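Accompanying notes for the structure given below.
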2 protein chains.
Amino acid sequence: MRDKGIRTRERVLAGATEIFHRQGFSGTSIHDLIRETGVKKGNLYHFFRSKEEMGLEVLTRARDDFFTFLENSLQGDRPSDQLANHFESILRYHEGRNLLGGCIFGNTALEMSDRNETYRNVIHSVFVEWRRSIREVLETAIRSGEVRKDLDPEAMARHIVATVEGGILLARASRNPADLKECLAVLAGLFGIGGEATGRWGKQTG
Amino acid sequence: MRDKGIRTRERVLAGATEIFHRQGFSGTSIHDLIRETGVKKGNLYHFFRSKEEMGLEVLTRARDDFFTFLENSLQGDRPSDQLANHFESILRYHEGRNLLGGCIFGNTALEMSDRNETYRNVIHSVFVEWRRSIREVLETAIRSGEVRKDLDPEAMARHIVATVEGGILLARASRNPADLKECLAVLAGLFGIGGEATGRWGKQTG
DNA sequence: CTATCAGTACCGACTGTTTGGTACAATATA
DNA sequence: TATATTGTACCAAACAGTCGGTACTGATAG
């Protein structure tokens, strides 16, 4: 494949990512992709065998991008800073998009989990890795005494991922980013990060 | 519309509810409904103006059923019993269905929120009422001293709803009901209900 | 320099099927 | 008979995907 072909392929993939994100897999027609990317049908099928294959590549690339996002957002001196930064990055992302499309993994999980095992596995791996990253942060926090020792980091990490996905879902249903914001605030409060107004649930300091 | 007609209509609605639940709105074709219910096309359109109208009625009835479920499951002598019973009922429901279709409101929220304002409003009202019911339980619990006074019942209620929806999502992605179960266990632990193994987060009794 | 050529990129008409929806005749029931 | 109910044939549009072909490109040979 030559440079020009690669660029065209990338253009399709970029457009497809956005449309699949916004409209879901079933909700996106090949015609939608043609309209959005300007790449004609014959050419599109020159680069991709099927809509399903294209969806899979969109999904795996989105996963890779998300892993990068995880690394970048879980930064900070102390574990609590890392979590706080993570939450802020998530909120910023969804507010920036005005909640449009929400989380592509959450969407596809609900749309495709019962219909496409390959898709489901990719999405599953996203949540596994997300949880693992957060669990590591929590373990460090527990070792350093920043968070109560009697907490199960695995369970807490899963709890965080679930609440974030649920918060996005609620925010989309209400068309109000505050729903997500306040879910994140409660999570932060749970671990004694910032937003003390919500109540402190972490290490009992008072 | 006579008795027989009403019965036919109900049969369509029942079948449509199950298929919309399992496959989503876009993922369900009229042909699917005909195959499932045995009601022929002309007859189907005798009772419903369009697929969208049918989806709306499915959704509003599901909402009414869910409100009944809320009442029935939030039963118990003490607030903590009510919440525990609620969580158990949710888990039992999804385990009984083997996670098939998950939560019809969560699914439709992600699928349709950006596409159909009417649907979104119905779903939104579900989450609002769900949150309200739980908030009332929490307020009672706070008044009775069962739960710490410094907690914001509104924020906590939203947190619970979000985590339940997120837990269902994770469980479907992993095909493992344990993901939901453990999210519910953490929530229970938060309010000092049962499952102490997860850690007690509620009123500090020890 | 330039004719040839293989491989890549690209195009739009076409296929068979499925879509949501309609028209209307046939049948059942009051 | 009159009306409610049901079944079948049908429709245009949309669907994912195919096909035969053209246009371009860079390398090679004369």
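Below, chain A is the first sequence line, B the second, and so on; all start at residue 1. In what follows, every heavy atom counts, from backbone to side chain, and hydrogens, waters and symmetry copies are set aside. All of these numbers come straight from a predicted model, not from anything done at the bench.
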Practice problem: Run the salt-bridge test on B:Asp152 and B:Arg135 with the 4.0 Å N-O cut-off and return the result as yes or no. | Solution: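 B:Arg135 and B:Asp152: not salt-bridged.
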Quiz prompt | Charged N-O contact under 4.0 Å between A:Asp32 and A:Arg35 | solution =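 Here A:Asp32 pairs with A:Arg35 in a salt bridge, since their nearest N and O are under 4.0 Å apart.
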What integer distance in Å separates [X]:[atom1] from [N]:[atom2]?
X: B:Arg9; N: D:dT6; atom1: CZ; atom2: C1'; result: 16 Å
X: A:Gln23; N: D:dC15; atom1: CD; atom2: P; result: 10 Å
X: B:Ile34; N: D:dC10; atom1: CD1; atom2: C1'; result: 13 Å
X: A:Arg7; N: C:dC10; atom1: CZ; atom2: C1'; result: 14 Å
X: B:Asn116; N: C:dG20; atom1: CG; atom2: P; result: 15 Å
X: B:Asn43; N: C:dT22; atom1: CG; atom2: P; result: 15 Å
X: A:Phe48; N: D:dA16; atom1: CZ; atom2: P; result: 15 Å

For residues 94-101 of chain A, dump all side-chain donor-acceptor pairs below 3.5 Å to protein atoms at least two apart in sequence or in another chain.
| residue | atom | partner | partner atom | Å |
| --- | --- | --- | --- | --- |
| A:Arg97 | NE | A:Leu100 | O | 3.0 |
| A:Arg97 | NH1 | A:Glu18 | OE1 | 3.2 |
| A:Arg97 | NH2 | A:Glu18 | OE2 | 3.0 |
| A:Arg97 | NH2 | A:Leu100 | O | 3.1 |

Quiz prompt | For A:Phe47, ring pair (Phe, Tyr, Trp, His ring centres under 6.0 Å) partners two or more places apart | solution =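 Here no residue qualifies.
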How would you list, by chain and number, every residue that makes a side-chain contact (heavy atoms from CB on, under 4.5 Å) with [X], sequence neighbours excluded?
X: B:Glu53; value: B:Phe48, B:Arg49, B:Ser50
X: B:Glu129; value: B:Phe67, B:Leu70, B:Arg132, B:Ser133
X: B:Ser174; value: A:His124, B:Asn176, B:Asp179
X: A:Tyr45; value: A:Ile30, A:Lys41

Can you give the donor-acceptor pairs under 3.5 Å from side chains of residues 159-171 of chain A to other protein atoms, not counting sequence neighbours?
| residue | atom | partner | partner atom | Å |
| --- | --- | --- | --- | --- |
| A:His159 | NE2 | B:His159 | NE2 | 2.9 |
| A:Thr163 | OG1 | A:His159 | O | 2.7 |
| A:Thr163 | OG1 | B:Thr163 | OG1 | 2.9 |

Quiz item: DNA chain D: A:Ser26 or B:Arg11, which has the more 5' nearest nucleotide?
Solution: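 Comparing both residues, the 5'-ward one is B:Arg11.
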Quiz item: So, is B:Ser29 close to the C:dT19 phosphate, meaning a side-chain N or O under 4.0 Å from OP1 or OP2?
Solution: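 For C:dT19, OP1 or OP2 has a side-chain N or O of B:Ser29 closer than 4.0 Å.
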Exercise. Considering just the side-chain nitrogens and oxygens of A:His46, establish if one lies under 4.0 Å of OP1 or OP2 belonging to C:dA9.
Key: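 Checking C:dA9 against A:His46, a side-chain N or O does come within under 4.0 Å of OP1 or OP2.
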Quiz item: Nearest to the side chain of A:His31 - C:dC10, D:dC15, C:dT19?
Solution: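 That would be D:dC15.
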Exercise. Go ahead and write out DNA chain C as dot-bracket, 5' to 3': ( ) for pairs within the strand, [ ] for ones crossing earlier pairs, | when the partner sits on another strand, dots for unpaired; Watson-Crick or G-U wobble, both distances under 3.5 Å.
Key: ||||||||||||||||||||||||||||||
Scan nucleotides 17-23 of chain D against the protein and return all N/O pairs shorter than 3.5 Å with their distances rounded to 0.1 Å.
| residue | atom | partner | partner atom | Å |
| --- | --- | --- | --- | --- |
| D:dG17 | OP2 | A:Tyr45 | OH | 2.9 |
| D:dG17 | OP2 | A:Lys51 | N | 2.8 |
| D:dG17 | N7 | A:Lys41 | NZ | 3.1 |
| D:dG17 | O6 | A:Lys41 | NZ | 2.6 |

